[in-house]
Amino acid sequence: NAGVTQTPKFQVLKTGQSMTLQCAQDMNHEYMSWYRQDPGMGLRLIHYSVGAGITDQGEVPNGYNVSRSTTEDFPLRLLSAAPSQTSVYFCASSPDLGTEAFFGQGTRLTVV
Amino acid sequence: DAKTTQPTSMDCAEGRAANLPCNHSTISGNEYVYWYRQIHSQGPQYIIHGLKNNETNEMASLIITEDRKSSTLILPHATLRDTAVYYCIVRGTIQGAQKLVFGQGTRLTINP
């Protein structure tokens, strides 16, 4: 049982480049979310999804896009990377409200 | 979501009970208290959650005061592997989405 899988684990981008952070879960969970964690800080919600085809913005959505075409996958796109987006990104999923969320191991992104 | 207040750091001796407090004085009647922890820079790990009754599972116990304005997470026999940042989160269940609002957490250090 893989749980929540994030790829890549590490990435270095140049300012202005684009990329997609992948997140996949094999637990058939409806709810999926993306968070970022800056050094010494707690996690901040970027975008979330309550099911395939439904997404919404979290606390810090600017500079990021998401889509949810399948239950399993919830990719996060950076259209034009900026140094301020240097962070660790975590994806999470849960089967329903009021239940535990499962987190991936994170993607460490550096934008130079 | 109600805001939570936690001590920045705590120490505990190995083998002793670790008691981590959390204040959530603005909690609403339908909001659950969740606890997660983050070891090193791994993805957060769910520990326990509760609404008004005390809860216990294989990892920890959660004690919620009668007025629900504060709670305590108890790790009954702390080990070195329990060294982590512990997050107390209050989350409503009638919002149509799974949104965990993380604060800065408590950095718990278990000493040999």
Side-chain angles (χ1 to χ4, degrees), chain A residues 2-7 9-10 21 23 25 27 29-51 54-61 66 68 74 87-110, chain B residues 1-9 20 22 24 28-53 55 57-60 62 73 84-108:
Chain A
V4 179
T5 303
Q6 291 184 237
T7 56
K9 287 186 170 54
F10 301 93
L21 280 62
C23 176
Q25 51 95 2
M27 298 172 283
H29 287 172
E30 289 295 324
Y31 297 88
M32 296 187 74
S33 312
W34 275 103
Y35 296 83
R36 62 176 286 174
Q37 185 173 33
D38 299 321
M41 304 283 288
L43 282 72
R44 291 184 293 169
L45 181 66
I46 305 172
H47 285 285
Y48 64 94
S49 169
V50 300
I54 307 169
T55 65
D56 206 344
Q57 297 180 349
E59 300 173 76
V60 288
V66 293
R68 184 97 179 272
F74 190 42
S87 190
V88 181
Y89 291 83
F90 291 101
C91 178
S93 75
S94 70
D96 201 350
L97 290 175
T99 58
E100 62 185 283
F102 296 82
F103 283 80
Q105 289 304 299
T107 294
R108 284 151 182 78
L109 175 68
T110 302
Chain B
D1 295 320
K3 182 178 178 180
T4 61
T5 304
Q6 300 178 251
T8 302
S9 63
L20 290 86
C22 179
H24 32 78
S28 302
N30 64 342
E31 290 182 317
Y32 283 76
V33 179
Y34 282 73
W35 283 85
Y36 284 76
R37 72 181 182 183
Q38 188 173 25
I39 298 173
H40 297 301
S41 297
Q42 298 177 17
Q45 176 190 23
Y46 166 84
I47 302 173
I48 199 168
H49 75 281
L51 182 62
K52 56 178 72 174
N53 298 320
E55 302 288 344
N57 62 20
E58 65 278 5
M59 290 182 66
L62 174 61
L73 178 74
V85 177
Y86 287 76
Y87 295 100
C88 170
I89 300 162
V90 173
R91 196 202 75 186
T93 60
I94 313 177
Q95 296 179 357
Q98 202 263 6
K99 294 188 287 186
L100 299 175
V101 180
F102 287 79
Q104 301 235 15
T106 296
R107 183 171 298 277
L108 175 67

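All values derive from a computational prediction rather than experimental measurement. In the text below, chain A, chain B and the rest are named by the order of the sequence lines, each starting its count at 1.
- In terms of heavy atoms, A/M41 sits closest to B/Y87 at O-OH, 3.9 Å.
- Pairing each heavy atom of A/A101 with each of B/Y46, the nearest pair is O-CB, 4.1 Å.
- Interface remark: A/R108 contributes side-chain atoms only to the contact with chain B (heavy atom separation under 4.5 Å).
- For A/E30, no part lies under 4.5 angstrom from a heavy atom of chain B.
- Evaluation of the salt bridge (Lys or Arg N to Asp or Glu O under 4.0 Å) test over residues 38-48 of chain B, restricted to residues two or more places apart or in two chains, returns none.
- With a 4.5 angstrom heavy-atom cutoff, B/Q38 touches chain A only via side-chain atoms.
- Atoms OH and CD, from B/Y34 and A/E100 in turn, are 9.0 Å apart once rounded to the nearest 0.5 Å.
- For A/E59, there are no side chain to side chain donor-acceptor pair (under 3.5 Å) partners two or more places apart in sequence or in a different chain.
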